[in-house]
Amino acid sequence: EHTKKVDLNHPIPAYYQIRNLLLNNVFSKLNIGDRIPNEVELCELYKVSRPTVRQALNYFVEKGYIERTKGRGSFLKKMIKEKTKRNNDW
């Protein structure tokens, strides 16, 4: 489920926790070309601020994993094969 909570008191920054949640719980269920949830949806889902979500998403944009299209949304551009720690492993 991708409604796992972000632990704002944890030493690992919230944007990094969201990055891992997205990798493990959202992107893994998508196909190339699928729309990913928008910033507002992710803010509501993870109960964090928009700048925090944007910082997490920017990582994937910079790596070429997602592509943002103004007025349409963000889409999975290529499969992500990174290994991350699951939030409950911290």
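Heavy atoms only: backbone and side chains are in, while hydrogens, waters and symmetry mates are out. Nothing here was measured: the structure is a model prediction, and the numbers come from that model.
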- Item | Under 3.5 Å side-chain donor-acceptor pair for Arg19 and Asn24 | no
- Message: For a 4.5 angstrom cut-off between non-hydrogen side-chain atoms, does Val48 reach Leu8?
- Response: yes
- Item | Gap separating the CD atom of Gln17 from the NE2 atom of His10, nearest 0.5 angstrom | 6.5 Å
- Item | Any donor-acceptor pair under 3.5 Å from Asp34 side chain to Asn31 backbone | yes
- When Tyr46 is tested against each of Leu21, Val53, Thr52 for side chain to side chain contact (heavy atoms under 4.5 Å, CB included), which residue passes? Leu21
- Could you walk me through whether Arg50 and Glu44 pass the salt bridge (charged side-chain N to carboxylate O under 4.0 Å, His left out) test, one step at a time? CA-CA 9 Å; Arg50 198 162 177 178; Glu44 292 172 3; over 6 Å; no
- Task: Calculate, to the nearest 0.5 Å, the distance between atoms CD1 and CG belonging to Ile12 and Asn20 respectively.
- Result: 7.5 Å
- Shared ILVMFWY cluster between Ile32 and Val26, side chains joined below 4.5 angstrom? yes
- Looking only at atom types and distance, does a side-chain atom of Asn38 sit under 3.5 Å from a main-chain N or O of Glu41, one as donor and one as acceptor? yes
- Query: Do the non-hydrogen side-chain atoms of Leu42 and Ile18 ever get within less than 4.5 Å of each other?
  - Reply: no
- Message: With a 4.5 Å cut-off on side-chain heavy atoms, are Thr69 and Ser74 touching?
- Response: no
- Item | Heavy-atom closest pair, residues Tyr15 and Ala56 | O-CB, 3.4 Å
- Do Leu57 and Arg68 have side-chain heavy atoms sitting under 4.5 Å apart? yes
- Item | Phe75 side chain near Ile66 side chain, heavy-atom distance below 4.5 Å | no
- Shared ILVMFWY cluster between Leu45 and Val6, side chains joined below 4.5 angstrom? yes
- Message: Using the rule given for side chain to side chain contact (heavy atoms under 4.5 Å, CB included), can you reason through Phe27 versus Phe60, listing the C-alpha separation, both sets of side-chain angles and the distance that settles it, and then say yes or no?
- Response: CA-CA 11 Å; Phe27 295 164; Phe60 297 109; 3.7 Å; yes
- Query: Ignoring hydrogens and geometry, is there a side-chain-to-backbone donor-acceptor pair from Lys29 to Asn25 under 3.5 Å?
  - Reply: yes
- Query: Could you walk me through whether Tyr16 and Tyr59 pass the ring pair (Phe, Tyr, Trp, His ring centres under 6.0 Å) check?
  - Reply: CA-CA 10 Å; Tyr16 192 85; Tyr59 169 81; 8.1 Å; no
- Shortest non-hydrogen pair, Met79 vs Leu76, comes out as SD-CD2, 4.1 Å
- Lys77 versus Glu67, closest heavy-atom pair with distance: CD-CB, 4.2 Å
